[in-house]
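Down below is the structure, laid out as structure tokens.
One-based numbering, in listed order, for ligands and for the atoms of each. All values derive from a computational prediction rather than experimental measurement.
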Amino acid sequence: MTKPAHARHAAELRALVRVLLRWFGHNARNLPWRRTLDPYAIWVAEVMLQQTRVSTVQSYWERWMRELPDLPALARAHPRRLRKLWEGLGYYRRLDHLHSAARLILEQHAGRFPHTYDEILKLPGIGPYTAGAIASAAFNLPTPVVDGNVARVLSRFYSRPLTARSADSWALATRLVQIAARCMPVALLPLAEPGRPDTAPLCPPCSALNQALMELGATICLPHNPRCTDCPLRSRCLHARQGGADPGRATRRSPAEPRRLVACLVRSDGHWLLHQRGTGVNRGYWELPVFELPSDRPPSGHFPTDPESWFEFEPSPTQGPPTIVHHITRFRYHVEIRAARLKRPWPPGHWLTPRQLQNRPLSRLTTKILQQWTSTAGATAKHPEHDPAPHKRHASEGPTLLK
Ligand code: SF4
């Protein structure tokens, strides 16, 4: 007797979940936060992973867990120490949210990490994706996660135009994780000691299903040139069966807007000129003076636009100043790194020695620039060792450079 369509569909979903769990057990990347069920550790990893590559996050997460191993340690930490630990990860509002959420958990939950999806969702800086990831990874709750990777896998598998925002994506992911909730934990074999499969950490099935979909999208079902021959879903995938034509996308990301910046390297008596941001996403971080250069578009608003009123630039070397590319929100900045001299007084406290620089939290752009400068200094430009304004460290006039 033929099964009714809904029963066939349910059986197909169960088979899909089994394939995904098995594949993840054999192919999970060896990431340190996959060895723990501690919600605090998982939360920190999930927040760091927002907008940031896995390869970048690993060392940050390990250092963070060494220095702030639990929630009370985070809640008590000085903001300056936190900024230093976060330096270079960018999107600094995430850090403020982590800190305020830790304090809130200490005050309102007696230090115990909330263990329902709705309570987790109420924490500062946590949306449905992160709440679902924490709830499934730490508490094995059947909460779905859908990001661009997951949506791409589902979209191709069903040959439907799905995105991370479409209700259909979330409904499908919910069905899958609910089925996974009835399965056994998954042994993550790549994380076992060599030759000792019995030491493989066990991953709760809801977490394993969510991570399997994300991992598949990140490593196999790539945005361009999906590696279908390596994919566990290839025999059932409509995209693969139809010869690789992508289903139309419901929305397309608009291309990054190109802009030009100049970063001023000003040094005097072994001190570097920096500025501490008072507001904005980089609040509390130290930055080199950075200005936006004129273009045919209105200024982005992230940077001031009047470098000549403050600085006189050293002549560029013949091959031109070193440049880097930096992304902030929807902007793609081409940043020229230029040695410069101050034309006007600068307020006290903004000249830092190399040792002070090491101990201050620096913005991601400034960290990149200083690294670039270190690698190109001497080859392409000279350090400005002196400054024409002898009164510079006693000036009372404050800069209006950075917001
Ligand atoms: S078979 Fe190809 S298109 Fe289908 S899910 Fe796998 S990698 Fe993606």
Side-chain angles (χ1 to χ4, degrees), residues 5-6 8-31 34 46 49-55 128-129 132-133 136-137 142-183 186-191 203-253:
H6 70 273
R8 273 206 312 279
H9 184 55
E12 282 166 10
L13 288 177
R14 285 196 297 275
L16 177 59
V17 167
R18 277 198 302 274
V19 169
L20 284 167
L21 294 182
R22 195 179 321 121
W23 176 82
F24 188 64
H26 286 84
N27 294 278
R29 282 177 292 178
N30 190 351
L31 304 175
R34 286 183 170 161
E46 285 299 332
L49 286 165
Q50 294 167 0
Q51 316 279 349
T52 309
R53 288 171 189 275
V54 168
S55 55
Y129 174 89
S136 62
T143 49
V145 297
V146 181
D147 64 356
N149 285 329
V150 174
R152 186 169 57 255
V153 172
L154 296 176
S155 171
R156 287 175 172 162
F157 185 80
Y158 289 106
S159 194
R160 288 165 57 182
L162 301 171
T163 70
R165 294 186 177 201
S166 49
D168 283 357
S169 305
W170 286 86
L172 268 169
T174 303
R175 288 287 309 276
L176 294 173
V177 76
Q178 284 172 343
I179 293 170
R182 300 195 287 272
C183 299
V186 177
L188 303 182
L189 296 173
L191 279 68
C203 183
C206 294
S207 173
L209 185 278
N210 283 340
Q211 293 192 66
L213 282 169
M214 289 189 282
E215 194 98 323
L216 202 60
T219 62
I220 302 283
C221 194
L222 303 169
H224 308 290
N225 304 321
R227 296 166 45 205
C228 299
T229 48
D230 298 327
C231 181
L233 308 184
R234 66 184 175 281
S235 62
R236 298 176 168 88
C237 173
L238 286 176
H239 175 91
R241 283 197 213 163
Q242 290 165 359
D246 257 332
R249 290 194 185 164
T251 58
R252 287 188 188 281
R253 194 183 283 184

Please list every donor-acceptor pair under 3.5 Å in which a side-chain atom of residues 230-238 meets a protein atom from a residue at least two apart or in another chain.
| from | atom 1 | to | atom 2 | distance (Å) |
| --- | --- | --- | --- | --- |
| D230 | OD2 | R227 | NE | 3.1 |
| D230 | OD2 | R227 | NH2 | 2.9 |
| R234 | NH1 | C231 | O | 2.7 |

- How many protein N, O or S atoms are found at a distance of less than 2.8 Å from atom 8 (Fe) of ligand 1? 1
- Atom CD in E12, atom CG in L16: separation rounded to 0.5 Å? 9.0 Å
- Can a donor-acceptor pair be found between the side chains of S207 and Q211 at a distance below 3.5 Å? yes
- Query: How far apart are the closest heavy atoms of V145 and G132, and which atoms are they?
  - Reply: CG1-C, 3.5 Å
- Query: Is the backbone of A133 close enough, under 3.5 Å, to the side chain of S136 for a donor and an acceptor to pair up by distance?
  - Reply: yes
- Item | Test item: N210 side-chain N/O and T143 main-chain N/O as donor-acceptor pair under 3.5 Å | yes
